[in-house]
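Everything below concerns the one structure shown next.
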Amino acid sequence: MPENQSERPLQPGDRAPNVVLDAITRQGKISIDDFRGQKPVLVGLFRGLHCPFCRRQIASMASLAGDLQQKGVESLTIVNTPIDRARLYFRYHPLPNLVAASDPDRISHRAFGLPNLEFTQSETVWPYKVSLDTLTSMRVDMPDLPRPMAPMAAVEFLDNADGYEFTDDDKRMIATGEGQLVGEFLLDRDGVVRWCFTEVADDGRHMFGVPAPEEVMSAASHIAA
């Protein structure tokens with residue numbers, strides 16, 4: 001089981017590790033090494049489908065997949081959701097051009113150096129621990145919300161708006177990975193990180209957000225050149 005032992009997410013210039021996961025949108029396995037030596041790939045590592053922010057981040061990434069393919073860049077979405085649950089979700093919520101993999105144990109998140117936040121009563125040591133006061137003082141501002149909201153209030157609002165029905169699989173993922181930080185990593189054809197966008201950066205300034213499409217496409221243009 002590969003793990004990144006550094007204390008930070010992978011950065012430009014770092015070589016991405018290989019991970020082998022169950023493919024969601026097709027049968028069999030899928031791995032980072034499937035792309036190495038072949039094509040650049042944008043790898044998105046997200047919390048489970050139980051997370052309304054991640055459902056939107058996944059849709060945003062999928063919306064760029066066709067344009068990225070035109071530049072010779074593939075996309076791989078990795079979700080912290082068991083395979084059967086993930087396949088059921090995408091059967092009813094298909095996303096064109098989506099290539100996705102299931103990682104219920106968050107092997108890939110650890111391998112890419114994305115921490116799993118511990119929620120504490122009073123101590124914040126970003127990006128490893130965050131106090132409940134700090135969490136509740138955060139505000140999420142996105143088009144799907146009527147106003148900037150605290151994270152948990154935003155979760156409740158978005159889940160209700162989506163009509164999302166939680167399963168036992170979802171509840172198991174929340175129990176162990178509710179604080180998992182997420183990110184996107186653009187790898188060149190040799191599997192070296194050339195661009196990244198993570199919730200870790202800038203003391204969490206990108207929490208619950210998505211990279212600007214023009215930023216992703218600009219990075220892809222440079223890597224494909």
Side-chain angles (χ1 to χ4, degrees), residues 2-4 6-12 14 16-17 19 21 24 30 32 41-65 68 75-82 85-86 89-90 95 98-119 126-130 134-135 138-142 144 151-152 154-155 158-159 162 164 170 172-187 193 195-213 215-216 219:
E3 290 192 9
N4 174 42
S6 72
E7 295 184 354
R8 58 166 177 77
L10 297 184
Q11 298 295 308
D14 290 335
V19 291
L21 303 167
I24 296 170
I30 192 166
I32 299 298
V41 58
L42 177 64
V43 180
L45 299 113
F46 302 104
R47 288 178 287 275
L49 294 167
H50 59 268
C51 168
F53 308 120
C54 290
R55 296 196 295 270
R56 285 156 175 78
Q57 290 163 338
I58 292 165
S60 177
M61 181 172 157
S63 71
L64 295 178
L68 287 169
S75 301
L76 173 61
T77 294
I78 298 175
V79 294
N80 175 217
T81 298
R85 171 58 170 158
Y89 177 86
F90 286 118
L95 292 171
L98 179 72
V99 177
S102 165
D103 189 358
D105 298 317
R106 304 193 315 281
I107 294 169
S108 54
H109 300 74
R110 293 193 298 275
F112 277 71
L114 291 168
N116 185 20
L117 274 175
E118 176 187 349
F119 299 110
W126 188 263
Y128 307 105
K129 298 179 180 181
V130 64
T134 298
L135 183 66
M138 293 179 180
R139 290 296 177 267
V140 183
D141 189 7
M142 60 174 54
D144 289 352
M152 296 314 297
V155 166
L158 295 173
D159 282 338
D162 294 346
Y164 192 84
D170 291 321
R172 286 194 296 108
M173 297 301 98
I174 292 170
T176 58
E178 188 174 21
Q180 178 64 59
L181 300 183
V182 306
E184 299 180 25
F185 299 82
L186 182 60
L187 312 183
V193 178
W195 171 90
C196 62
F197 177 95
T198 76
E199 290 183 325
V200 174
D202 298 329
D203 294 326
R205 184 172 62 86
H206 300 311
M207 285 290 291
F208 316 120
V210 298
E215 181 181 351
V216 179

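We count residues from 1, following the sequence as given. These numbers were taken from a predicted model, which means no experiment stands behind them.
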For the atom pair [atom1] ([X]) and [atom2] ([Y]), what is the distance rounded to the nearest 0.5 Å?
X: Leu95; Y: Ser60; atom1: CG; atom2: OG; answer: 11.0 Å
X: Arg47; Y: Glu178; atom1: CZ; atom2: CD; answer: 9.0 Å
X: Ile30; Y: Leu76; atom1: CD1; atom2: CG; answer: 5.0 Å
X: Phe90; Y: Leu49; atom1: CZ; atom2: CG; answer: 4.5 Å
X: Ile78; Y: His109; atom1: CD1; atom2: NE2; answer: 7.0 Å
X: Leu158; Y: Phe208; atom1: CG; atom2: CZ; answer: 10.5 Å

Of all heavy-atom pairs between [X] and [Y], which one has the smallest distance, and what is that distance?
X: Asn80; Y: His50; answer: O-CE1, 4.3 Å
X: Ile24; Y: Ala86; answer: CD1-CB, 3.6 Å
X: Val19; Y: Ala111; answer: CG1-CB, 4.0 Å
X: Ala16; Y: Phe112; answer: CB-CZ, 3.9 Å
X: Arg106; Y: Asn116; answer: NH2-ND2, 3.1 Å
X: Pro104; Y: Met173; answer: O-SD, 3.5 Å

Tell me if a side-chain donor or acceptor on [X] pairs with a main-chain N or O of [Y] at a distance below 3.5 Å.
X: Ser75; Y: Leu42; result: no
X: Gln180; Y: Pro115; result: yes
X: Arg110; Y: Asp105; result: yes
X: Asp103; Y: Ser108; result: yes
X: Trp126; Y: Val200; result: yes
X: Glu184; Y: Trp195; result: no

Within the structure provided, determine whether [X] and [Y] are in side-chain contact (heavy-atom separation under 4.5 Å).
X: Val140; Y: Phe53; answer: yes
X: Met207; Y: Pro151; answer: no
X: Glu199; Y: Leu117; answer: no
X: Leu187; Y: Val193; answer: yes
X: Cys196; Y: Leu10; answer: no
X: His206; Y: Pro211; answer: no
X: Phe46; Y: Thr81; answer: no

Mind running side chain to side chain contact (heavy atoms under 4.5 Å, CB included) on Val210 and Phe197 for me, showing each step along the way?
-> CA-CA 8 Å; Val210 298; Phe197 177 95; 5.5 Å; no
Considering only NZ, NE, NH1 and NH2 on the basic side and carboxylate oxygens on the acidic side, decide whether Asp162 and Arg56 come within less than 4.0 Å.
->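 A salt bridge is present here (some side-chain N lies under 4.0 Å from a carboxylate O).
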Do Arg55 and Asp144 meet the salt-bridge criterion of a basic N to acidic O distance under 4.0 Å?
->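 Here Asp144 does not pair with Arg55 in a salt bridge, since their nearest N and O are not under 4.0 Å apart.
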